[in-house]
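The following block contains the structure, expressed as structure tokens.
The structure presented is a predicted model; accordingly, all values stated were derived computationally and were not measured. For this chain, numbers begin at 1 and follow the sequence in order.
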Amino acid sequence: MSNHPPDQIFRTERLAVRRWRDADMDALSAVCGDAQTMRWVGDGQTLARADCRRWLEATRRHYAARGYGMFAVEDGLSGELLGFCGLTHPDGQAEPELKYAFLPAHWGRGLASEAAAAMIAHAAAQWGLRHIIATVAEAHPASQRVLLKAGMALGESRREADGSRTLRFHWRARQDAPASAAGPRAADKRRFNVYGRILAVERREGGWRAFWAGGDGKRRPAGFIIPNDLAAGDLTQYLEDLFHENATPRNGEVRALD
């Protein structure tokens, strides 16, 4: 019988990665309230305790919707909380994005690289993810080295409004790597009620294609793209994120029909 706690996601040589708990609020506030830790995370601002509570609630919604999110990272021996690492979809973007932060006292030990590499491997094996991105400031070479050590490759960059540049890193599963048996089961055809309209989604050679069903019985190509590597089990959440501005009490929500 395993002695691992039920909320543990995985272990590495030095780390234990698990879901957040209510009892973590003090530790989470310490991490997210530290200016050095948060300098390169999000907008670079620290989070007040109330913001941490909202962050924790949003993370739990990600657990429920996708099976993953941001996780607490502990010392594997002492149980001390060192920081966080995980995958999220900021602003509803299609690609899962790797994010992490560790308290300054634990910098320089290779822990971020260890956590990031293990997170990517677990995401591929257990959640069936085939493409993961990460973004990092050009002025933050230490984090760039972490991503390279974790197996990611440098991709495109963008110029921000303040003149700084953000680099985008990618990890993609090998073409010959089998999808995880534990991942979402692929489906050839799916139908959804998308705020009162019927959407047919089909997996064809080359990826997903979507069509609106008209009252005349004809189908018309939908004017949006579904990422080719999106798992079938993530379609409902993807459509919710894509069309959430159209939600009203009258037309309901996104709902899978079959």
Side-chain angles (χ1 to χ4, degrees), residues 9-17 28 30-47 55 58-59 62 66 68-76 80-127 129-175 177 227 229:
I9 305 302
F10 60 81
R11 292 181 68 91
T12 68
E13 182 180 355
R14 295 178 290 175
L15 305 172
V17 177
L28 178 60
V31 173
C32 295
D34 183 87
Q36 282 185 278
T37 299
M38 298 300 288
R39 179 183 176 188
W40 303 107
V41 179
D43 61 4
Q45 301 300 308
T46 58
L47 299 181
W55 186 89
T59 295
H62 275 284
R66 300 181 183 274
Y68 56 82
M70 302 305 297
F71 301 102
V73 181
E74 298 178 330
D75 183 287
E80 177 187 3
L81 195 139
L82 310 178
F84 60 80
C85 182
L87 299 163
T88 187
H89 294 254
D91 299 321
Q93 73 181 24
E95 307 97 331
E97 184 166 344
L98 175 70
K99 291 185 178 294
Y100 53 85
F102 287 76
L103 286 165
H106 307 292
W107 292 359
R109 299 169 54 194
L111 298 178
S113 297
E114 185 173 325
M119 184 63 65
I120 291 172
H122 188 84
Q126 298 300 318
W127 301 317
L129 299 185
R130 314 289 286 175
H131 180 206
I132 297 171
I133 70 163
T135 55
V136 61
E138 186 178 44
H140 193 17
S143 192
Q144 296 168 38
R145 290 193 292 271
V146 166
L147 298 175
L148 291 171
K149 289 180 181 178
M152 303 192 84
L154 177 61
E156 65 276 22
S157 65
R158 69 171 183 265
R159 181 73 66 180
E160 305 295 349
D162 62 1
S164 65
R165 189 175 292 278
T166 297
L167 308 180
R168 185 174 168 113
F169 284 73
H170 296 263
W171 171 86
R172 289 184 172 88
R174 299 193 318 271
Q175 291 300 313
D229 56 0

First locate atom CG of Leu111, then atom SG of Cys85, and finally report the distance between them rounded to the nearest 0.5 Å.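 Here the rounded value is 11.0 Å.
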Taking Ser164 for its side chain and Glu160 for its backbone only, find out whether a donor-acceptor pair lies under 3.5 Å. no
Specify the closest pair of heavy atoms between Arg11 and Ala16, including all atoms of both residues, with the distance to one decimal. NH1-CB, 3.7 Å
Arg165 side chain reached by Arg158 side chain, heavy atoms, under 4.5 Å: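 In short, these two side chains do not touch, never coming nearer than 4.5 Å.
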On a heavy-atom basis, the closest approach of Ser143 and Val136 is CB-CG2, 3.5 Å
Give me the atom names and distance for the closest heavy-atom approach of Lys149 to Ser113. CD-OG, 3.6 Å
Treating Gln93 as the side-chain partner and Glu95 as the backbone partner, does any N or O pair qualify as donor plus acceptor under 3.5 Å? yes
On a heavy-atom basis, the closest approach of Phe169 and Leu167 is CE1-CB, 4.0 Å
Main-chain N/O of Arg14 paired with Glu114 side-chain donor or acceptor, under 3.5 Å: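 Yes, Glu114 side chain to Arg14 backbone: donor-acceptor pair under 3.5 Å.
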Partner residues of Ala142 under the side-chain contact (heavy atoms from CB on, under 4.5 Å) criterion, sequence neighbours left out: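 Checked Ala142 against side-chain contact (heavy atoms from CB on, under 4.5 Å); matches are His140, Arg145.
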Using the side-chain contact (heavy atoms from CB on, under 4.5 Å) rule, take Phe84 and Phe71 through it: C-alpha gap first, then chi angles, then the decisive distance, then the call. CA-CA 6 Å; Phe84 60 80; Phe71 301 102; over 6 Å; no
Are the side chains of Asp75 and Leu15 in contact, using a 4.5 Å heavy-atom criterion? no
Quick one: does Leu87's side chain get under 4.5 Å of Leu129's, heavy atoms only? yes
For the OH atom of Tyr100 and the CG atom of Leu147, what is their distance to the nearest 0.5 Å?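 Answer for the OH-CG pair, Tyr100 versus Leu147, is 4.0 Å.
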Looking at side-chain heavy atoms only, is the closest gap between Glu74 and Glu80 below 4.5 Å?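 No, their side chains stay 4.5 Å or more apart.
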Check whether Trp107 reaches the backbone of Phe102 with its side chain - one donor and one acceptor, N or O, closer than 3.5 Å. yes
Of the options Leu28, Val31, Val73, which is the one that meets Leu81 in a side chain to side chain contact (heavy atoms under 4.5 Å, CB included)? Val31
Between OG1 on residue Thr59 and CE on residue Met70, distance to nearest 0.5 Å: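 Rounded to the nearest 0.5 Å, the OG1-CE separation comes out at 7.0 Å.
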Closest non-hydrogen atom pair, Trp171 against Ala124: CH2-CB, 3.6 Å
Any heavy-atom pair between the side chains of Gln144 and Met152 that's under 4.5 Å? no
Residue pair Met119 / Phe10, side-chain heavy-atom distance below 4.5 Å: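 Yes. Closest side-chain heavy atoms under 4.5 Å.
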Contact between Thr166 and Arg159 at the side-chain level, heavy atoms closer than 4.5 Å - yes or no? no
Determine yes or no for a side-chain-to-main-chain donor-acceptor pair under 3.5 angstrom, with His62 supplying the side chain and Tyr68 the backbone. no
Once rounded to the nearest 0.5 Å, what's the spacing between atom NE2 of His122 and atom OG1 of Thr12?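 With rounding to 0.5 Å, NE2 (His122) is 12.5 Å from OG1 (Thr12).
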Validation row: Glu97, Pro90 side chains within 4.5 angstrom (heavy atoms): yes
Using every non-hydrogen atom in the two residues, find where Ala30 and Leu103 come nearest and quote the distance to one decimal. O-CD2, 3.9 Å
